[in-house]
Protein chains: 2
Amino acid sequence: MLKEERQQFILNEVRVHNRVLLTDMADLLKVSMDTIRRDIKELHKEKKLKKVHGGAISLGFNNYSFQFNEVYSLEKKSKIAVKCISLLRNGQVLLLTGGTTNMELARMLPTNLTLTCFTPSLPVANQLMSKPNVEVIFVGGKIAKDAQIAMGAAAVNILNSIKVDICFLGTHSIDLDEGLTEFDWEIVQMKKAMMQASRKVIAPVISEKLNTKQRYRICDIQHIDMLITELDANDDKLIEFRSKNIEVL
Amino acid sequence: MLKEERQQFILNEVRVHNRVLLTDMADLLKVSMDTIRRDIKELHKEKKLKKVHGGAISLGFNNYSFQFNEVYSLEKKSKIAVKCISLLRNGQVLLLTGGTTNMELARMLPTNLTLTCFTPSLPVANQLMSKPNVEVIFVGGKIAKDAQIAMGAAAVNILNSIKVDICFLGTHSIDLDEGLTEFDWEIVQMKKAMMQASRKVIAPVISEKLNTKQRYRICDIQHIDMLITELDANDDKLIEFRSKNIEVL
DNA sequence: CAAACTTATGCAAAAAAATGCAAATAATTG
DNA sequence: CAATTATTTGCATTTTTTTGCATAAGTTTG
């Protein structure tokens with residue numbers, strides 16, 4: 001049996017059963033466990049399955065991917081969240097994108113604040129459920145499994161029909177020249193619609209994301225009304241942003 | 001069983017029941033309590049659940065309303081869910097209401113089944129996220145905190161614009177004369193719209209709910225295509241339903 | 001506060017992974 | 001075709017991970 005055949009067989013097995021045991025495969029395919037181990041290693045590197053102790057599992061199986069970022073820079077994100085919250089007043093209508101920064105914002109919202117929140121993000125919506133004085137309105141649509149966000153024409157349509165006070169726009173990358181950029185085209189559409197739907201656009205960004213770029217552009221830097229980072233307000237990195245007429249906190 | 005699988009199972013259990021007992025998991029998964037304890041510890045560190053004395057609880061979810069029904073009649077509900085799932089075929093488009101029975105249905109969906117699922121229920125949508133072959137489309141709108149379901153004009157509008165194969169309509173009360181009834185007016189509107197949006201309406205109902213009534217009516221009993229209960233198909237209680245031309249499983 | 005239960009810790013056995021090496025097989029080239 | 005080179009595979013050894021158990025320490029509850 002060819003190596004290719006064997007790997008295809010393993011992949012298929014993973015697709016059907018969502019998992020394979022190393023021992024089973026070695027047994028079934030009549031090769032040593034080392035061989036299977038090497039196969040799985042390769043397939044893992046090609047991102048066709050996930051290697052785990054004792055075998056492999058399907059990639060789609062545990063799609064919690066956003067939770068992986070969870071720990072990373074959490075402290076900075078809480079800092080940013082606090083700054084964001086300080087801007088809020090009772091009765092305001094918000095629009096929250098997904099992402100861990102907005103998750104943190106949702107988590108830290110004081111329970112006595114009365115707000116209306118639109119969001120297309122399942123985790124954010126869930127988080128907001130525990131705030132008794134927050135009215136949650138979910139922007140529906142096809143849910144992207146990786147980001148757990150509603151996307152597509154339906155979601156964009158709904159966004160086109162609303163106007164909120166403040167949009168907290170989580171972003172992957174922000175750059176003085178390139179503006180706000182994303183790696184996923186559909187997300188770009190969503191974020192464009194969200195900016196349109198909001199009187200004021202605030203971008204909470206951890207400093208690592210400053211001056212980085214992705215493939216697709218959401219908008220120029222001028223279209224952001226305010227930038228919130230965990231850095232001190234007079235940090236060098238922020239001077240240029242301020243000079244472009246963007247409020248920095 | 002792989003470690004990954006076990007942890008996924010625990011996570012899933014937490015998602016559905018909002019909590020797990022260490023002892024239950026050890027028992028169910030046939031491993032020592034130490035192993036479960038270590039699993040929970042890891043998952044806690046990854047912020048996927050919250051470790052507590054004696055087990056773990058969900059972090060994203062606060063279900064005041066769910067927790068009650070959750071335990072109650074769970075076995076019957078799984079039984080019903082199994083029957084429901086047996087009706088499904090690859091490629092079908094479903095519409096799922098909220099409620100614990102549909103939660104159970106979503107939880108038990110085999111991972112290899114390819115479906116498109118519309119739902120206005122946050123917990124159900126969440127549950128469906130873990131099914132790699134299910135396309136989830138959230139019917140957005142204002143979220144009612146108690147039921148964690150989108151409601152209101154926006155949601156009803158969306159429902160009016162779709163047509164699906166099967167609707168699994170969770171119901172509070174069903175009665176031969178009064179038909180399907182609810183105690184909340186808004187929910188009635190949602191359910192009416194859902195029935196309209198579906199070619200086939202299936203009502204999964206635990207036997208306790210048979211021949212009970214509430215204040216507001218959704219529809220006559222004739223508008224249900226099929227009734228699924230945990231009872232044996234020739235149970236006395238069901239004869240009359242069948243005589244009204246409703247298929248009973 | 002004391003009994004019942006839960007957690008933490010260290011330890012050892014078992015299972016699996018990584019590594020280096022050699023034989024077998026396949027591919028390439030003069 | 002023969003010789004060389006590269007790839008694949010299995011085996012032995014070491015290292016790491018996983019798991020269960022025993023014991024001690026901490027929590028919960030009546």
Side-chain angles (χ1 to χ4, degrees), chain A residues 1-65 67-68 70-72, chain B residues 1-59 61-64 67-68 70-72 74 130:
Chain A
M1 177 176 255
L2 296 170
K3 195 178 106 174
E4 279 297 310
E5 285 183 280
R6 209 178 45 233
Q7 298 197 348
Q8 283 304 318
F9 183 89
I10 294 172
L11 271 180
N12 198 52
E13 210 62 11
V14 167
R15 214 189 51 220
V16 175
H17 296 107
N18 285 308
R19 65 141 223 214
V20 292
L21 297 185
L22 219 124
T23 46
D24 285 356
M25 289 298 101
D27 215 40
L28 222 65
L29 297 169
K30 313 250 180 268
V31 290
S32 76
M33 288 177 64
D34 299 67
T35 304
I36 302 293
R37 197 170 281 128
R38 276 184 279 243
D39 284 337
I40 288 180
K41 205 173 185 176
E42 280 181 35
L43 294 169
H44 175 89
K45 214 179 300 182
E46 295 167 24
K47 299 205 191 294
K48 299 198 172 150
L49 47 68
K50 188 179 173 196
K51 183 166 88 75
V52 297
H53 198 95
I57 58 175
S58 155
L59 283 176
F61 197 55
N62 67 334
N63 254 325
Y64 273 96
S65 47
Q67 265 161 340
F68 286 124
E70 204 83 46
V71 214
Y72 137 80
Chain B
M1 177 175 252
L2 295 168
K3 193 180 102 171
E4 297 285 325
E5 285 184 282
R6 209 178 44 231
Q7 298 196 348
Q8 282 303 318
F9 183 90
I10 295 172
L11 270 182
N12 204 46
E13 209 65 8
V14 167
R15 279 222 279 200
V16 178
H17 296 101
N18 294 307
R19 55 160 255 213
V20 292
L21 298 183
L22 221 125
T23 46
D24 285 356
M25 289 298 102
D27 213 40
L28 221 63
L29 296 169
K30 313 248 180 269
V31 289
S32 77
M33 289 177 65
D34 300 67
T35 303
I36 302 293
R37 196 168 283 127
R38 275 184 278 243
D39 284 337
I40 289 180
K41 206 172 185 176
E42 279 182 36
L43 293 169
H44 175 91
K45 213 181 303 183
E46 294 168 26
K47 302 214 187 258
K48 294 187 176 166
L49 48 67
K50 189 177 174 197
K51 185 165 85 76
V52 295
H53 198 95
I57 57 173
S58 153
L59 24 95
F61 255 36
N62 16 27
N63 326 286
Y64 350 173
Q67 223 139 27
F68 266 142
E70 205 74 51
V71 214
Y72 136 79
L74 193 73
S130 63

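Every chain is numbered from 1, with letters handed out A, B, ... down the list of sequences. These numbers come from the heavy atoms of this one structure, side chains and all, not from hydrogens, waters or symmetry mates.
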Please give me the minimum heavy-atom distance between L49(A) and L11(A), naming the atom from each residue.
CD2-CD2, 4.0 Å
Separation of dA27(C) atom C1' from L2(A) atom CG, nearest Å, is 14 Å
Kindly give the heavy-atom pair with the smallest separation between A56(A) and L2(B), and that separation in Å.
O-CD1, 4.2 Å
In whole angstroms, the gap separating C1' of dT7(D) from CZ of R6(A) amounts to 12 Å
Length of the line joining I36(A):CD1 and dC11(D):C1', which is rounded to integer Å:
16 Å
Angle, rounded to 10°, between the helical axes spanning five pairs at each terminus of the helix from dC1(C)-dG30(D) to dG30(C)-dC1(D)?
40°
Could you run down the sub-3.5 Å N/O contacts of the protein with nucleotides 14-18 of chain C?
from	atom 1	to	atom 2	distance (Å)
dA16(C)	O4'	H53(A)	NE2	3.4
dA16(C)	O3'	G54(A)	N	3.3
dA17(C)	OP1	G54(A)	N	3.0
dA17(C)	OP2	R37(A)	NE	2.6
dA17(C)	OP2	R37(A)	NH2	2.6

Nearest-Å distance for atom pair CG/C1', residues L29(A) and dG10(D)
15 Å
Please tabulate, for side-chain N and O atoms in residues 19-31 of chain A, each donor-acceptor pair with protein atoms closer than 3.5 Å (sequence neighbours left out).
from	atom 1	to	atom 2	distance (Å)
R19(A)	NH1	E5(B)	OE1	2.5
R19(A)	NH1	E5(B)	OE2	2.9

Quick one: salt bridge (Lys or Arg N to Asp or Glu O under 4.0 Å) pairs with a partner in residues 31-43 of chain A, sequence neighbours left out?
K3(A)-E42(A), R6(A)-D39(A)
Whole Å only: how far is the CZ atom of R38(A) from the P atom of dT8(D)?
10 Å
Whole angstroms only, please: what is the CD-P distance between E5(A) and dA26(C)?
13 Å
Inter-residue atom distance I40(B).CD1 - Q7(B).CD, 0.5 Å rounding
10.0 Å
Set of salt bridge (charged side-chain N to carboxylate O under 4.0 Å, His left out) partners for K48(A), sequence neighbours left out:
E46(A)
Length of the NZ-C1' vector between K3(A) and dA24(C), whole Å
16 Å
Between T35(A) and dG10(D), does any side-chain N or O lie under 4.0 Å from OP1 or OP2?
yes
Rounded to the nearest Å, what distance is computed from the CG atom of residue D39(B) to the P atom of nucleotide dT6(C)?
17 Å
Holding to side-chain contact (heavy atoms from CB on, under 4.5 Å), I want the full list of residues that pass it with H53(A), two or more places apart in sequence or in another chain.
none
